[in-house]
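Here the structure comes first, spelled out in structure tokens, and everything after it is commentary.
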Amino acid sequence: MSQPVAKVSLTGIKPTGDPHLGNLVGAIRPALQLAEEYDSLYFIADYHALTTVRDPELLRHYSRSVAATWMAAGLDPKRTTFYVQSDVPEIFELTWALSCITGKGLMNRAHAYKAARDRNLEAGEDPDAGVNMGLFNYPILMAVDILIMESDVVPVGRDQVQHVEYAADIAGSFNHLYGRSYEFKIPQAIIPPGETGHTLPGLDGRKMSKSYDNTIPLFLQENQLKKLVRRIPTDSTPVEAPKDPDSSAPFLILESFAPPSASGLVADTRKRLEEGGMGWGELKNVLFEVLNTELAPLRERYDELMRPGSELDSFLADGAERARARASRVLSSVRKAIGIAR
Ligand code: ADP
Ligand code: TRP
């Protein structure tokens, strides 16, 4: 009997900043867990980042840094096809073909574009002020990322679910027109397990996010990490008073981040806060120790991978080759189906 074929799971990571603790807990760890049961493809979406990042050095740095982070966090490049979007030019050709069957109205309704228009209208500006065509076409490029790799599931944060629905819509339009010759698989968004858990608070108590400039980056020097942990906000409850762990930013970070081996420590910390007698300073020391113990080996591996000419380059080259093999198979079927190839 033949082995059942594993379903394909694909996700793109936009290289627009240095990865932080929230990304590790909410995106990287859950995706690595999914890679255990799916045929997984993860990629650096550098063309998507180009809609906002204008500094070439910075884009190069973020692309490399995000790739090195995923590998340092445990991505196995043999198991997962790990590549950079711009290394797969087939994506562009399909983007044009699918643009030609996608209604402009659908793009007008996309969340990111609509939000930009609404902001402009509110400010009394031209509705399209500051909107580039990359932002407008963003969902089509993303649909192609997904469809060209014949993805079954796409693990994404909630804000990206609409884009995956668009990919399914666009696939449906194509199948309706050309389905006798080639049919795209219809993808489905899944919210990975980490997403349903806690959202990590940042240094100002709001959601940790690079847009709020309140993150704890993953690969800080030890003393900088300590300094940032000290900056996490707490109130002025005295040491002896009972405290509510579930409204305490340092505790929430500890709870979401701690590995299973530290679950005893987390439970004990919760109890001591609830009973009173543990101050915020001591809690922050516990948090720092756990973070530092976990992150130190990752930091070392990250630094190794970030060196010019490191193994990272050959891992990504190998990933690109595997990704292109898949993409070109799909593209050549599409070319035949639409009448571009004879
Ligand atoms: P940012 O908000 O810093 O711009 P992104 O939007 O690039 O982060 O998020 C990339 C991934 O990391 C998403 O899947 C998102 O859900 C996850 N993530 C980001 N911030 C957090 C957080 N504070 N807590 C949990 N997950 C997060
Ligand atoms: N748009 C996604 C984000 O902002 C990144 C992305 C690009 C992506 N292409 C994708 C995610 C394909 C999933 C599948 O996070």
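For ligands, and for the atoms within them, numbers begin at 1 and follow the listed sequence. This one's a predicted model, so the numbers in the text were calculated from it and none came from an experiment.
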Next on the checklist: How about CG on Asp213, more than 12 heavy atoms from neighbouring residues, nucleotides or ligands closer than 6.0 Å, or not?
Outcome noted: no
Checklist entry - Applying a 4.0 Å heavy-atom criterion (strictly less than), which segment of Phe43 is in contact with ligand 2: side chain, backbone, both, or neither? => result side chain
Next on the checklist: Under a 4.0 angstrom heavy-atom cut-off, which atoms of ligand 2 come close to Thr11?
Outcome noted: 11 (C), 13 (C)
Checklist entry - What part of Lys14 sits under 4.0 Å from ligand 1 if we count only heavy atoms: the side chain, the backbone, both or neither? => result neither
Checklist entry - Within 45° of the ring axis of Phe219 and under 6.0 Å from its six-membered ring centre, is that where the NZ or CZ of Arg299 lies? => result no
Checklist entry - When you look for heavy atoms under 4.0 Å from ligand 2, do you find them on the side chain of Asp159, its backbone, both, or neither? => result neither
Next on the checklist: Taking a cutoff of less than 4.0 Å between a non-hydrogen atom of the residue and any ligand atom, is Thr199 in contact with ligand 1?
Outcome noted: yes
Item to check | Close-contact set for ligand 1 against Ala27 heavy atoms, below 4.0 Å | outcome: 11 (C), 12 (O), 14 (O)
Item to check | Asp76 with Lys78: basic N within carboxylate O range, under 4.0 Å | outcome: no
Checklist entry - Which atoms of ligand 2 are found less than 4.0 Å from any heavy atom of Ala45? => result 7 (C)
Checklist entry - Just which atoms of ligand 1 are under 4.0 Å from any heavy atom in Met208? => result 20 (N), 21 (C), 22 (C), 23 (N)
Next on the checklist: For Val156, which part has a heavy atom under 4.0 Å from ligand 2: side chain, backbone, both, or neither?
Outcome noted: side chain
Next on the checklist: Can you tell whether the side chains of Glu125 and Arg119 come within less than 4.0 Å, N to carboxylate O?
Outcome noted: no
Checklist entry - Which protein heavy atom lies closest to atom 9 (N) of ligand 2, and at what distance to 0.1 Å? => result Asp145 OD2, 2.7 Å
Item to check | Flag for Asn214-Arg231: side-chain donor and acceptor within less than 3.5 Å | outcome: no
Next on the checklist: Among all the protein's non-hydrogen atoms, which is closest to atom 3 (C) of ligand 2, and how far away is it?
Outcome noted: Gln160 CD, 3.5 Å
Checklist entry - Counting each atom of ligand 2 from 1 as listed, which ones have a heavy atom of Ile146 under 4.0 Å away? => result 12 (C), 14 (C)
Next on the checklist: Are any of the N/O atoms on Tyr138, whether in the backbone or the side chain, positioned under 3.5 angstrom from an N/O atom of ligand 2?
Outcome noted: yes
Checklist entry - Between Gln85 and ligand 2, which part of the residue brings a heavy atom under 4.0 Å of the ligand: side chain, backbone, both or neither? => result neither
Item to check | Between Tyr62 and Asp55: side-chain donor-acceptor atoms closer than 3.5 Å | outcome: no
Next on the checklist: Looking at ligand 1, is there an atom of it that comes within less than 4.0 Å of some heavy atom belonging to His20?
Outcome noted: yes
Checklist entry - Going by the atom numbers of ligand 1, which of them fall below 4.0 Å from some non-hydrogen atom of Gly26? => result 25 (C), 26 (N)
Item to check | N-O pairing of Arg117 and Asp128 below 4.0 Å | outcome: yes
Checklist outcome for this item: For His48, the atoms of ligand 2 under 4.0 Å from one of its heavy atoms are 7 (C), 9 (N)
Item to check | Ion pair check, Arg326 and Glu150, cut-off under 4.0 Å | outcome: no
Next on the checklist: With a 6.0 Å cut-off (strictly less than), is the heavy-atom count around CD of Glu300, excluding the residue itself, greater than 12?
Outcome noted: no
Item to check | Asp246/Arg270 ion pair, N-O < 4.0 Å | outcome: yes
Checklist entry - Counting each atom of ligand 2 from 1 as listed, which ones have a heavy atom of Val154 under 4.0 Å away? => result 13 (C), 14 (C)
Checklist entry - Is it true that Arg324 and Asp87 make a salt bridge, defined as a side-chain N closer than 4.0 Å to a carboxylate O? => result no
Checklist entry - Between Arg272 and Glu282, is there a side-chain N and carboxylate O pair less than 4.0 Å apart? => result yes
Next on the checklist: To check your reading of the model: name the closest protein heavy atom to atom 5 (C) of ligand 2, its residue, and the distance in Å.
Outcome noted: Gly12 O, 3.6 Å
